[in-house]
There are 2 protein chains.
Amino acid sequence: MTERNTKGRILDAAERLFARDGFHATSLRNITREASVNLAAVNYHFGSKEALISEVISRRMVPINRMRMGRLRAVMAESVNQQARPDVSEILSVFFRPTLVFLETSSQAKEFVTIIGRAMPEPDDTVRNILIGHLEPVFRYLLEILCFALPHVPYRVLYWRLQFALGAFSHVMRTARDPIFMPDDLKPEEDIGSIIDVLIPFLTAGMEEAVE
Amino acid sequence: MTERNTKGRILDAAERLFARDGFHATSLRNITREASVNLAAVNYHFGSKEALISEVISRRMVPINRMRMGRLRAVMAESVNQQARPDVSEILSVFFRPTLVFLETSSQAKEFVTIIGRAMPEPDDTVRNILIGHLEPVFRYLLEILCFALPHVPYRVLYWRLQFALGAFSHVMRTARDPIFMPDDLKPEEDIGSIIDVLIPFLTAGMEEAVE
DNA sequence: GCCTGTTTTAAACATTCGTTTAAAACGATA
DNA sequence: TATCGTTTTAAACGAATGTTTAAAACAGGC
């Protein structure tokens, strides 16, 4: 259940609190209390709070992005083999769905989808750049594949449409647990996958829309 | 050019710095230095930093939302008169375009669109609730009109699609001045209106997409 | 059982923050 | 010009933060 060693306990507690309260509002004292370790443990094991944030993001982001790149390459290869344009809906699925890969194995990892949504709009450059550094190669490849899939849509328009997709995704990952403006006759989705099921067709239609 | 009285100078300086660095990273000392007023002036004129944030948001958000509600009502009235469904593209335009209303009159107001993008994903509840409070009635009316315009799309799906639209919008308002992942052969849009011109058809297509 | 490198602990440090205070400066009015 | 309410000013306060320190506790190999 809870991690046995100090480093792992800190990572789990930090992930949980960063998701709940944000990076800045979460102090090292909160984290170390939650993890039942000494305050100095963070600086001893990670060096700084920033390095801890980086590690919290990296340990899940690296495998997620490896999965993304692998599947994107597969989509691209199949498209070349069959001499057909790749399917936009599949491209977007391949990008967004791996976010949920940890949900099956670790209940703890539910928090991480919130963290992705939090890191993207983070005002602090050093924090945001941690996420951006991970995401950049995937974004570039994604844009490249979309150019193949939608040759009639101008490059500049595709870039902005992909930004819209990122914005919609991060907003919804961040607020899914506690949605804003939720009418009384609706209730929050129990699992995030069902929101992505609504997101993919929405984004696909927007991506494919012809530009006059 | 620059405001003459202390209160106005604080508001302008705060708007500029909140947009550039975020709400939390901007200290009262930064603001008062930028405004060339004494540190205690903020607490004297506004009462607290939180009240200043609220005022920075309100002074532009109130007229923007008044404009939104008026135009939304007009769209709804015309739809009833003509016994036709309201146009989704027009609905979205009427919601998003008033954000830029200050851009013509005040060059200073360019900063405010960034602030809208910053307040939405703000981790601090008290700050985010300031924006949410302003937006809630508009959101509810917007959702209601979309139900009229798209009766074949389930209510729950429309709610989430509207959330996607909000996410895309706030992300792009926040990053428009300094876009992330911008390829070398693209350059940032000089005016935000042209990004909204790309956004509206994208969102419209997503909103209108049939649900199987 | 002693010794060595690693980890944990309690305490302190230096900064920064929002806020408060009390005196000084100002401005309009009589 | 004198007065009174408003505004500005410099200084200090208390609280919270990330980080560092130096000693204590621990673990494994000889």
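We name chains A, B, ... by the order of the sequence lines, and we start the count at 1 in each one.
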Tell me, which pairs form a salt bridge (Lys or Arg N to Asp or Glu O under 4.0 Å) where one or both residues lie in [range], sequence neighbours left out?
{"range": "residues 189-204 of chain A", "answer": "A:R97-A:D197, A:E189-B:R156"}
{"range": "residues 61-77 of chain A", "answer": "none"}
{"range": "residues 163-188 of chain A", "answer": "A:E111-A:R177"}

Legend entry - Salt-bridge present (A:E55, A:K7; N to O < 4.0 Å):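 Salt bridge flag = no for A:K7 with A:E55.
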Legend entry - A:R9/A:D12 salt bridge by N-O under 4.0 Å criterion: no
Legend entry - Ring geometry between B:F139 and B:Y159 (parallel below 30°, tilted from 30 to 60°, perpendicular above 60°):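 The arrangement is perpendicular - the two ring planes meet at more than 60°.
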Legend entry - Set of ring-ring contact (aromatic ring centres under 6.0 Å, His included) partners for B:F102, sequence neighbours left out: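 Applying ring-ring contact (aromatic ring centres under 6.0 Å, His included) to B:F102 gives none.
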Inset, instruction - List in chain and number order the residues that pass ring-ring contact (aromatic ring centres under 6.0 Å, His included) with A:F164, two or more places apart in sequence or in another chain; answer none if no residue qualifies. - result: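 A:F164 satisfies ring-ring contact (aromatic ring centres under 6.0 Å, His included) with B:F202 once adjacent residues are dropped.
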Legend entry - Leading and trailing nucleotides of DNA chain C with any atom under 4.0 Å from heavy atoms of chain A: C:dT6 to C:dA12
Legend entry - Contact residues, residues 33-46 of chain B to DNA chain C [heavy atom, < 4.0 Å]: B:L39, B:A40, B:N43
Legend entry - For DNA chain C, the residues among residues 48-58 of chain B that have a non-hydrogen atom under 4.0 Å from it: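 Hits under 4.0 Å, by residue number: B:S48, B:K49.
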Inset, instruction - Could you note down all residue pairs passing side-chain hydrogen bond (donor to acceptor under 3.5 Å, both in side chains) where residues 34-50 of chain B supplies at least one of them, sequence neighbours left out? - result: B:R16-B:E34
Inset, instruction - Taking the side chain as every heavy atom from C-beta outward, state whether B:E15 and B:I31 have any pair of such atoms under 4.5 Å apart. - result: no
Legend entry - Interatomic distance where CD1 belongs to A:I31 and C1' belongs to D:dA16 [whole Å]: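 After rounding, the gap between these two atoms is 15 Å.
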Legend entry - Contact list for DNA chain D against residues 17-29 of chain B - heavy-atom distance below 4.0 Å: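 Contacts with DNA chain D under 4.0 Å: B:R29.
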Legend entry - Sequence-distant partners of B:R140, side chain to side chain donor-acceptor pair (under 3.5 Å), two or more places apart: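 B:R140 satisfies side chain to side chain donor-acceptor pair (under 3.5 Å) with B:E136 only.
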Legend entry - For B:E144, all residues meeting side chain to side chain donor-acceptor pair (under 3.5 Å), sequence neighbours excluded: none
